[in-house]
Student: 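One structure coming up, written as C-alpha cells, with questions to follow.
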Protein chains: 2
Amino acid sequence: MDRIDSCLIALRRILRASESHGKELAQSVGMTPVQFRVIQIVAETGSSTAGAIAKRMHVAPATVTAIIDKLERAGHVSRQQSQTDRRQTDIVLTEQSRRVLDRAPDALQQKFATDFEGLEDWEQAMIVAALERVAAMMDGTNADRGAVLYPGEL
Amino acid sequence: MDRIDSCLIALRRILRASESHGKELAQSVGMTPVQFRVIQIVAETGSSTAGAIAKRMHVAPATVTAIIDKLERAGHVSRQQSQTDRRQTDIVLTEQSRRVLDRAPDALQQKFATDFEGLEDWEQAMIVAALERVAAMMDGTNADRGAVLYPGEL
DNA sequence: CTTGGTTATTTCGCAACACAAAATAACATG
DNA sequence: CATGTTATTTTGTGTTGCGAAATAACCAAG
C-alpha cells in the first residue's frame, strides 16, 4: 500500500478518535462539546471576551453569544462588563464550572500522555518531528520559512 | 517546552486544518460538508442504503434521512427501492453529483500528497510510522498486534 | 396462511450550532 | 459634538443531530 494512503488513513483514525472522545468527554460533564470548549478557553486565560472566543474558535461572534447565553442560564459562566472598555463583556467562570473542569477526566489526553511517556526517547522525538511536519504541510504554516506568510489569525 | 505539549499543539493544528478545509471544499462545490461526505460514501460503493450510510457516519438513521431529503431536492441523488428487499431504499448518484465529484478539487489531500512526495525517503517512512503510532495510541487499536482487531467499518 | 417479531426507513418535535444583517452601545478621532 | 469604528446582541434562517413513534416489508414459526 502507498505511503500516502497510510498517512491519510492514520489521519482519519486520529480525527475520528478525537471527535468521538470530545463527545464522550462533554457528555460526561453534562454539556455539549462546543460549550465545553468555550469553558476551556475561558479557563486558560482566566477571563475572555466574547469576540476573543469567537476568533479563537473561528466562529462568528453571534454564535458565541448564543452559546454564552446557554452557559449563563446553566450557571456555568457569568457576564461582567469590562472596566476598561464597557463595550466588551468579560466572560468568567463560576465555581460550578471550575469544579466541572477539575474533575473532567480528559481521558484521551491522559492516555496519550502516559502512552507517550512510555516510549523511547528517540521515538518521542520522531513523533514530535513528524507531527509538526504534517501540521505544517496541512495548515500551510511553516515555522522554518520566515514570517512572510500568514496574515491570518488577526 | 514539553514534548507532549508539542504533540498536542500539532494535533490541534492538524484537526483545525482538516476541519476548515472541509468547509472550503464543500462550499466550493455548493453543498455542506456533511452532504458532501454522504455523496462521497455513496460514490465509493456505487449505491448505498440509508442505514449503511448512517452506520458509516456514526449517526442516527433519522439524520441521514433528512440529509438525503435535501440532496434529493437539490437533484444530487435519487432514491430507488431495493429489488431484493423493498424495505431498503438505495441511494444513487445523479449525473449532476458525479460531475461535482469529478471536479471537486480535494486541495488538502493533493497538497499533502505533493508535499509528501517531495520528502526524503527516510522522512516519509518516519512520518508513516509516527502517524500510525499516534493513531494507535488515540483510538486504542494497534495494527501491529495481529488481525484480531478491526471489526469496525462493517 | 396468519400471527408475531424483527428490520429499514421515515415522520415529528425538539435542541444545538452557525451565519448574515440589523440594532445597540460605547469608544475614538476629527 | 459629529462621525466613524468596534464589541456585542438580537432576529431570522438553515443545517445537523437525536429519540420516539409510525409505516412498511421481511421472516419464522405455528
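Order of the sequence lines sets the chain letters (A, B, ...), proteins ahead of strands, with each chain counted from 1. Since this is a predicted model, take the numbers as computed values, not measurements.
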Student: Tell me whether the side-chain N/O atoms of Arg87(A) come closer than 4.0 Å to OP1 or OP2 in dT9(D).
Tutor: no

Student: Please figure out whether Thr63(A) or Ala52(B) has its closest DNA chain C nucleotide nearer the 5' end.
Tutor: Ala52(B)

Student: Are any of Gln35(B)'s side-chain N or O atoms less than 4.0 Å away from OP1 or OP2 of dT16(D)?
Tutor: yes

Student: To the nearest angstrom, how far is Arg73(A) atom CZ from dT9(D) atom P?
Tutor: 13 Å

Student: When the distance from CD of Gln88(B) to P of dT10(C) is rounded to whole Å, what number comes out?
Tutor: 11 Å

Student: Taking atom C1' of dC18(D) as reference, at what distance in whole Å does atom CD1 of Ile67(B) sit?
Tutor: 12 Å

Student: Decide, yes or no, whether a salt bridge links Glu117(B) with Arg3(A) under the criterion of side-chain N to carboxylate O below 4.0 Å.
Tutor: no

Student: Counting heavy atoms from C-beta on, name the nucleotide in dT9(C), dC18(D), dC17(C) closest to the side chain of Val59(B).
Tutor: dC18(D)

Student: Hey, is the main chain of Val100(A) close enough, under 3.5 Å, to the side chain of Ser97(A) for a donor-acceptor pair?
Tutor: no

Student: Pick base, sugar-phosphate or nothing for Arg37(B), based on heavy-atom distances below 4.0 Å to the nucleic acid.
Tutor: nothing

Student: Strictly below 4.0 Å: does Thr89(B) bring a side-chain N or O up to OP1 or OP2 of dA8(C)?
Tutor: no

Student: May I ask you to evaluate whether Thr65(B) reaches the phosphate of dT10(C), defined as a side-chain N or O under 4.0 Å from OP1 or OP2?
Tutor: yes

Student: Where the side chain of Ala62(B) is defined as all heavy atoms beyond and including C-beta, which of dC17(C), dG19(D), dA7(D) is the nearest nucleotide?
Tutor: dG19(D)

Student: Please state how far atom NE2 in His58(B) lies from atom P in dC18(D), giving the value in whole angstrom units.
Tutor: 11 Å

Student: Report the distance from atom CD of Gln83(A) to atom P of dA26(C), rounded to the nearest whole Å.
Tutor: 14 Å

Student: Is a donor on one side and an acceptor on the other found under 3.5 Å between the side chain of Thr94(A) and the backbone of His76(A)?
Tutor: yes

Student: Let me spell it out: for each of Gln81(A) and Ala66(A), pick the nucleotide of DNA chain C with the closest heavy atom. Which residue's pick is nearer the 5' end?
Tutor: Ala66(A)

Student: Respond yes when some side-chain nitrogen or oxygen of Arg86(A) is under 4.0 Å from OP1 or OP2 of dA25(C), and no when none is.
Tutor: no

Student: Which value, rounded to the nearest 0.5 Å, describes the distance between Ile67(B) atom CD1 and Ile53(B) atom CD1?
Tutor: 9.0 Å

Student: Given 3.5 Å as the limit, does a donor-acceptor pair link the side chain of Ser47(B) with the main chain of Ile91(B), or not?
Tutor: no

Student: Does a side-chain N or O from Arg79(A) land closer than 4.0 Å to OP1 or OP2 of dT8(D), or not?
Tutor: no

Student: Ignoring the backbone of Ala50(B), work out which of dT8(D), dT10(C), dA18(C) is nearest its side chain.
Tutor: dT10(C)

Student: What's the separation between atom CD in Gln124(A) and atom OG in Ser6(B), rounded to the nearest 0.5 Å?
Tutor: 11.0 Å

Student: Quick check on DNA chain D: between Asp85(A) and Asp69(A), whose nearest nucleotide comes earlier from the 5' end?
Tutor: Asp85(A)

Student: Can you measure Ile68(A) atom CD1 to dA18(C) atom C1' for me and round it to whole angstrom units?
Tutor: 15 Å

Student: Measure CG/Leu71(A) against P/dA16(C) and give the value in whole Å, please.
Tutor: 11 Å

Student: In whole Å, what is the span from the CE atom of Met31(A) to the P atom of dA16(C)?
Tutor: 13 Å

